[in-house]
Q: 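Sharing a structure below in structure tokens format, with a few things to ask.
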Amino acid sequence: MKLVGISGAIIGSKTAIVVQKVLEEVKKIDPEIETELLDMKEYDVQFCDGRDPSAYTGDTKKVIDSVISSDFCLIGTPIYQASMSGVLKNLFDLIPTSALQQKVLGFVATGGTYQHYLVIENQLKPIAGFFRSYVAPGYVYVHDDHYNEFKEINDPDVLERIQRLASELVFMQKRLKTAD
């Protein structure tokens, strides 16, 4: 089983830190699960222009192929102007509609106001519905205050939610895999 964690940011590191932390917790639960961090700032991805997803090349093709080859995904985004990042929206536009069908998805988001957690409920979960994905019931929102000066997550409640999300992702994926 392969879990791809997507950090939908091209600047900063806070979103990637949260995604990586969930991936680490998944490995603690089941070391057999292959994990991959797809940090979007490390790729030069083209803007979606309506082409068939298979027609893209270079980094864009690598990113699309990574999502397609995953068994389940963890999707992270910083919140800008009460919305997901443009980078993440572009990725959703690039991948084929079948790429996430019947796959388990988990969500994490980072932001500077406490109200921005609602982006997960109001934007990311509906996108998962469009893709016909299964969504882990819990999600993690991390506010700037939840990091220490070394950009480490230091809030016990957030760390507990990260562990719970990792458990939900593994549980759901294993149950769905045995149902096949």
Q: Less than 4.0 angstrom from a charged side-chain N to a carboxylate O is my criterion; do R164 and E160 meet it?
A: yes

Q: Under a 4.5 Å cut-off applied to non-hydrogen side-chain atoms, are P96 and I64 in contact?
A: yes

Q: Taking only residues at least two apart or on different chains, which pairs with a member in residues 87-99 satisfy side chain to side chain donor-acceptor pair (under 3.5 Å)?
A: K89-D93

Q: Would a hydrophobic clustering, with Ile, Leu, Val, Met, Phe, Trp and Tyr connected at side-chain separations under 4.5 Å, put I6 with L3?
A: no

Q: Examine F72 and I75 and state if one hydrophobic cluster contains both, with Ile, Leu, Val, Met, Phe, Trp and Tyr joined whenever side-chain heavy atoms are less than 4.5 Å apart.
A: no

Q: Under 4.0 Å between a side-chain nitrogen and a carboxylate oxygen: does that hold for E25 and K28?
A: yes

Q: Could you tell me whether the side chain of P53 reaches within less than 4.5 Å of the side chain of I95, counting heavy atoms only?
A: no

Q: Indicate the atoms forming the closest heavy-atom contact of A128 with L105, along with that distance.
A: CB-CD1, 3.8 Å

Q: Looking at residues at least two apart in the chain, or sitting in another chain, which of them share a side chain to side chain contact (heavy atoms under 4.5 Å, CB included) with D52?
A: S54

Q: How long is the span from the CD atom in Q20 to the CG atom in L74, to the nearest 0.5 Å?
A: 10.0 Å

Q: Any donor-acceptor pair under 3.5 Å linking the side chain of T77 with the backbone of S85?
A: yes

Q: Check the orientation of F131 and F92. Use parallel for under 30°, tilted for 30 to 60°, and perpendicular for over 60°.
A: tilted

Q: Judged by modelled atom types alone, do T15 and T110 share a side-chain donor-acceptor pair under 3.5 Å?
A: yes

Q: Please tell me whether I10 and L37 are part of a single hydrophobic cluster in this structure, the criterion being side-chain heavy atoms less than 4.5 Å apart.
A: no

Q: Determine whether a donor-acceptor pair (N or O, by modelled atom type, separation under 3.5 Å) exists between the side chain of S133 and the backbone of L100.
A: yes

Q: Closer than 3.5 angstrom, by distance alone: can the side chain of D155 be matched with the main-chain N or O of V158 as a donor-acceptor pair?
A: yes

Q: Does this structure show an ion pair linking K62 with D65, if we count only N-O contacts that are shorter than 4.0 Å?
A: no

Q: Checking H143 against H146 for the side chain to side chain contact (heavy atoms under 4.5 Å, CB included) test, could you report, in this order, the C-alpha distance in whole Å, the side-chain angles of both residues, the deciding distance, and whether it holds?
A: CA-CA 6 Å; H143 185 276; H146 296 139; 3.6 Å; yes

Q: If you count every heavy atom of other residues, nucleotides or ligands that lies below 6.0 Å from E149 atom CD, does the total exceed 12?
A: yes

Q: Counting distance only, does the side-chain N/O of T60 pair as donor-acceptor with the main-chain N or O of Q46 below 3.5 Å?
A: yes

Q: Tell me if a side-chain donor or acceptor on S83 pairs with a main-chain N or O of Y80 at a distance below 3.5 Å.
A: no

Q: Are there more than 12 heavy atoms of other residues, nucleotides or ligands under 6.0 Å from atom NZ of K27?
A: yes

Q: Hey, is CD on E152 packed in by over 12 heavy atoms from elsewhere, all under 6.0 Å?
A: yes

Q: Given side chains that start at C-beta, do those of L88 and M40 come closer than 4.5 Å, heavy atoms only?
A: no

Q: Which pair of heavy atoms, one from S7 and one from A16, lies closest together, and at what distance?
A: OG-N, 3.3 Å

Q: With a 4.0 Å cut-off, would you call D30 and K174 a salt bridge?
A: yes

Q: Could you list the residues that satisfy side chain to side chain contact (heavy atoms under 4.5 Å, CB included) with P126, not counting sequence neighbours?
A: none

Q: Of all heavy-atom pairs between V170 and I29, which one has the smallest distance, and what is that distance?
A: CG1-CG2, 3.9 Å

Q: For E168 versus A136, what's the shortest heavy-atom pair and its separation?
A: OE1-CB, 3.8 Å

Q: Any sub-3.5 Å donor-acceptor pair from K103's side-chain atoms to S70's backbone N or O?
A: yes

Q: Group every Ile, Leu, Val, Met, Phe, Trp and Tyr by side-chain heavy-atom contacts under 4.5 Å, then state whether Y114 and V18 land in the same group.
A: no

Q: To the nearest 0.5 Å, what is the distance between CZ (F107) and CG (L169)?
A: 10.0 Å

Q: For the residue pair K2 and S69, confirm or rule out a side-chain donor-acceptor distance under 3.5 Å.
A: yes

Q: Of all heavy-atom pairs between A99 and I68, which one has the smallest distance, and what is that distance?
A: CB-CG1, 4.0 Å

Q: Distance from N154 atom CG to N148 atom CG, nearest 0.5 Å?
A: 5.0 Å

Q: Examine V45 and L91 and state if one hydrophobic cluster contains both, with Ile, Leu, Val, Met, Phe, Trp and Tyr joined whenever side-chain heavy atoms are less than 4.5 Å apart.
A: yes

Q: With a 4.5 Å heavy-atom cut-off, do V140 and K21 have their side chains touching?
A: no

Q: Between D59 (side chain) and D44 (backbone), is there a donor-acceptor pair under 3.5 Å?
A: yes

Q: Please check if the side chain of R132 supplies one atom and the backbone of G129 the other of a donor-acceptor pair under 3.5 Å.
A: yes

Q: Assess whether atom CD1 of I127 is packed by more than 12 heavy atoms of other residues, nucleotides or ligands within 6.0 Å.
A: yes

Q: Are more than 12 heavy atoms, taken from residues, nucleotides or ligands other than F47, located less than 6.0 Å from that residue's CZ atom?
A: no

Q: Closer than 3.5 angstrom, by distance alone: can the side chain of Y147 be matched with the main-chain N or O of K14 as a donor-acceptor pair?
A: yes

